[in-house]
Amino acid sequence: MRTRFAPSPTGSLHIGGLRTALFAWLIAKQTKGTFVLRIEDTDQAREVVGATQVIIRTLELSGIPPDEGVMFDTTGEIVEKGEYGPYHQSKRLPLYRKYVDELLENGHAYHCFCTSERLDAMRKKQQELRLAPMYDRQCINLPKDETAKRIAAGEKHVIRMKIPREETVTYDDVIYGPLSFKGHTIDDQVLLKSDGFPTYHLAHVVDDHFMKTDMVIRGEEWLSSLPKHLLLFRAFGWDTPKYAHVPLLLNKDRTKLSKRQGDVAAEHYLTKGYLPEALLNFLVLLGWNPGTEQEIFTLTELISIFSLERVHKSGAVFDLEKLDWLQGQWMRRIPVEEFAARIRPLVTEKYTAAGTDPDFLKRAALIQERITFFPEAPEMLGYFYESPSPTMALIASPKQKIEPAQVPTIIDFLKTQLGIVPDDNWNRDSIVAAIEQALPASGFKKGQVLWPLRVMLTGREYSPGAYEVAELLGKSETMKRLAVALS
Ligand code: GLU
């Protein structure tokens, strides 16, 4: 199937937009089809410089780049690729003009000269009467010669669609199922604005026809406009693509996800350090339900099992805790060599010694189980490269039932027991054995010696376990830290 993502370059790519793109990408890949990127830049007032770059970059960084349409070349310049271009709507104006003229000729559209003042007054009146806002068709029957004269005189005008008000338009949406729209509730939509640019309604119908789109996957906010689009396809005599409307993203309080309640720019999540795999895994679960208990999905798995039939209609709650959980899961899945290679430059920037540390891989492995974002690595590994400064307050933890007065005895116990582990057999098993076999006679509980050991070696309240840290610090460094703590 040919699917497309058709954003407007009006700012950053919304996180909901990235989800729509992902759904469209998955359907294309699943059917060995083509995923097209089209830029809908017909609203010049809202266009933001650089927005197209952000859109392409976000798709690329996420791992779902377009196969056709607007993309970067190898030098990072924006180019167009494909035989159905141009793929920027602003470069297709003559085409829209041609097809709007055809509608005029066939009686499916008409010129409207109403001023914005008149339209405002009309809307105000409708509001007072509690009527749905709708164009009152003042210009629908203007005589041809009058229309021609007013156009020739340069009078500002738009072109509107003539909706067959007596009809009921029905459609079976891939996600929403059977729908029906009464003609008298559908507005005579503006198709061509006074600046000669088409509105979305006309432009996407023309483009999706000529770009051979098989399925339009787009946000639910377009659902109410669907009958206009279906009528346009019919007026042109073209086959209608399939439509799938994707449910809204909601805040936890079930209001529409908005900038005010959190970050909605997809790219920010990537620059904050979320893995693309985690972000896409999170997004696919917003609306789609695999029908099993499985929650972690690779893109390859998704390509084979994703289906729009399993996307539900109700809004999907955007739950950042779930995203963080998925991020952690994906961090654990990176092969350890790759994980170490990714964090090494970050750690080395802060601790030069990490650059030449022969044990770096093992040390990195120790934190891979607990890290959420790569930039946390220097802090999490810092005690391997600089001496910690554990405080008595932290060592004598009331939670572990340790009194400050017991601490010197505990350190003595640890020094003695660790001291008997031979230098050439310093590993986790020997360390565990040396400490645990002597525990019963010492009168201390396990936590009363392991907590202080860990704190004296790391200086931190949270870190990997005492045995693992001691093993990777080595015997002499471990003994040194105990001695320092004692003094
Ligand atoms: N430009 C429209 C938007 O950004 C596209 C909707 C569509 O995919 O057709 O909402």
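Order of listing sets the numbers, starting from 1, for every ligand and every atom in it. Reckoned from all heavy atoms, side chains included, excluding hydrogens, waters and symmetry mates.
Under a cutoff of 6.0 Å and an axis angle of 45°, Arg160 and Tyr135 form a cation-pi pair. Lys272 forms a cation-pi arrangement with Tyr269, by the criterion of a distance under 6.0 Å to the ring centre and an angle within 45° of the ring axis. At least one cation-pi condition fails for Arg38 and Tyr87: the charged atom is not both under 6.0 angstrom from the six-membered ring centre and inside a 45 degree cone around its axis.
Every protein residue with a heavy atom nearer than 4.0 Å to ligand 1 is included here: Arg4, Ala6, Pro7, Ser8, Glu40, Tyr200, Arg218, Trp222.
Aromatic ring pairs are classed by plane angle as parallel below 30°, tilted from 30° to 60° and perpendicular above 60°; the pair Tyr243 and Phe233 is perpendicular.
Using modelled atom types, one finds a donor on one side chain and an acceptor on the other under 3.5 Å when comparing Glu220 with Tyr176.
Residues meeting the side chain to side chain donor-acceptor pair (under 3.5 Å) test with Asp359, sequence neighbours left out: none.
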